[in-house]
Amino acid sequence: MQTGLIKVCLLLFFLISHVTAIQWLAIGKIRMTWKKKSQCAHIRRENILQGNQERLCRRNLEMMPYVASAARAAIKTCQETFANRRWNCSSIAFVPTLTYDLTSGSREQSFVFALTSAAVGHTIARACSAGSLLSCGCGRVSREAPNGDFKWGGCADNLRYGLKFARSFCDKPWRQKKLLQATEGIMNRHNNKVGRRVIRISVITQCKCHGVSGSCNIKTCWKALPKLLEVSDFLKRKYYIATEVDSQWRGKRLKLIPANSQMGIYGKDDLIFVTKSPDYCLPNPKVGSLGTRGRFCNSSSTETDGCDSMCCGRGFNSETIEKSERCHCKYNWCCYVTCRTCKYLIQQQRCH
Ligand SMILES: *[C@@H]1O[C@H](CO)[C@@H](O)[C@H](O)[C@H]1NC(C)=O
Ligand SMILES: *[C@@H]1O[C@H](CO)[C@@H](O)[C@H](O)[C@H]1NC(C)=O
């Protein structure tokens, strides 16, 4: 019992003092051409790469520009996905500085980890099929029997390669020995994996027709990935139903089990979190909340972007804004377009 307690204390101390999370996202902010392996050591010293990520970087220098673009895509996509909610993923753009909402083991953190891991898999899988990388090419031809009148062909997104890289790169910091048995490590690895599973099940079949003048006599199809935003929307649904978990020692292993025993066990496809989130209404750095003062809201919506919900009952301002737009465009022979400028008024609401 006592050794258990000591273990827990050591772990807690470790969590508070050492654990860092998705600093690698800051790679997306660095402007550099990846030419030398020493660049990997350099960003490791700035704590942007963690654990073994430096070695991966050295070995896969040609992938780093794609890791950078995956980071940018993840940041942008997270913000688009949550634009209409109080927590709008703006804190992700502060990397390598991380606020408490992304380090406390919150529901929001679970989403962000899943999305970033998915983004790496997505970007690399597409870079392979686009022929941008030396180390990989088209994905394997599907082994499913063609369902319809077509042949497998073309160049499939290389999911297998993309996901393998995403797994090693994103999970690396959490595979250090000391983290294998830590709540945060277990949670983050699980959520990363959910992101990659979602990528795997969201592949779509894309086709191209060949044949005389637009007829579709011959059709070839391949497996491709949907837009990252679609993957992100799917993950958002998992965010709503994420499972709260607690850690418990079972013998020598730390397990995460649902906090509410009536919840049953969570599945491989469920996001998990360990810390309840604040309502994000008021600014409070201690809980990672920026507050919603000044946010735009929609007074006629009853959804999360409605002013009642967004402003947490504090009320809002209405402003009338003049907008201008190009209109009445005419095509002139040959070859330019002339337009007029139209002005119109719109109503905008902002939270108090
Ligand atoms: C997101 O929320 C923060 C804090 O409420 C706010 O400062 C920021 O402008 C918001 N971003 C967008 C794009 O609405
Ligand atoms: C505000 O919400 C209403 C109702 O959901 C919707 O029809 C309208 O398009 C929204 N307006 C804006 C500017 O998003």
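Both counts, for ligands and for their atoms, begin at 1 and track the order of listing. Along the sequence shown, the residues carry numbers beginning at 1.
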Considering the heavy atoms of Ser300, write down every atom of ligand 2 situated less than 4.0 Å from one of them. 1 (C), 2 (O), 3 (C), 4 (C)
Would you call Asp171 and Arg196 a salt bridge, using N to O less than 4.0 angstrom? yes
Quick check against the 3.5 Å criterion: does Arg126 have a side-chain atom that pairs as donor or acceptor with the backbone of Ala224? no
Can you tell me the protein heavy atom closest to atom 4 (C) of ligand 1 and the distance? Gly291 O, 3.4 Å
Any salt bridge between Lys343 and Glu325, counting N to O under 4.0 Å? no
Among non-hydrogen protein atoms, atom 9 (O) of ligand 1 lies closest to Arg295 CD, 4.6 Å
Answer yes if a protein heavy atom lies under 4.0 Å from atom 7 (O) of ligand 1, otherwise answer no. no
Number the atoms of ligand 1 from 1 as they appear, then name those within less than 4.0 Å of a heavy atom of Leu290, with their elements. 4 (C)
Protein heavy-atom partner closest to atom 1 (C) of ligand 1 - residue, atom, separation in Å: Asn88 ND2, 1.4 Å
Below 2.5 Å, is that where the SG pair of Cys327 and Cys339 sits? no
Using distance alone, determine whether Thr292 and ligand 1 share an N or O pair under 3.5 Å. no
Hey, is atom 11 (N) of ligand 1 under 4.0 Å from any protein heavy atom? yes
Measure centre to centre between the rings of Tyr266 and His190, then say whether the value is under 6.0 Å. yes
Evaluation steps, salt bridge (Lys or Arg N to Asp or Glu O under 4.0 Å), between Glu144 and Lys223: CA-CA 11 Å; Glu144 283 168 39; Lys223 295 282 185 186; 3.3 Å; yes
How far is atom 13 (C) of ligand 2 from the closest protein heavy atom, and which atom is that? Asn298 ND2, 4.5 Å
Has Asn317 got a side-chain atom pairing as donor or acceptor with Arg350's backbone, closer than 3.5 angstrom? no
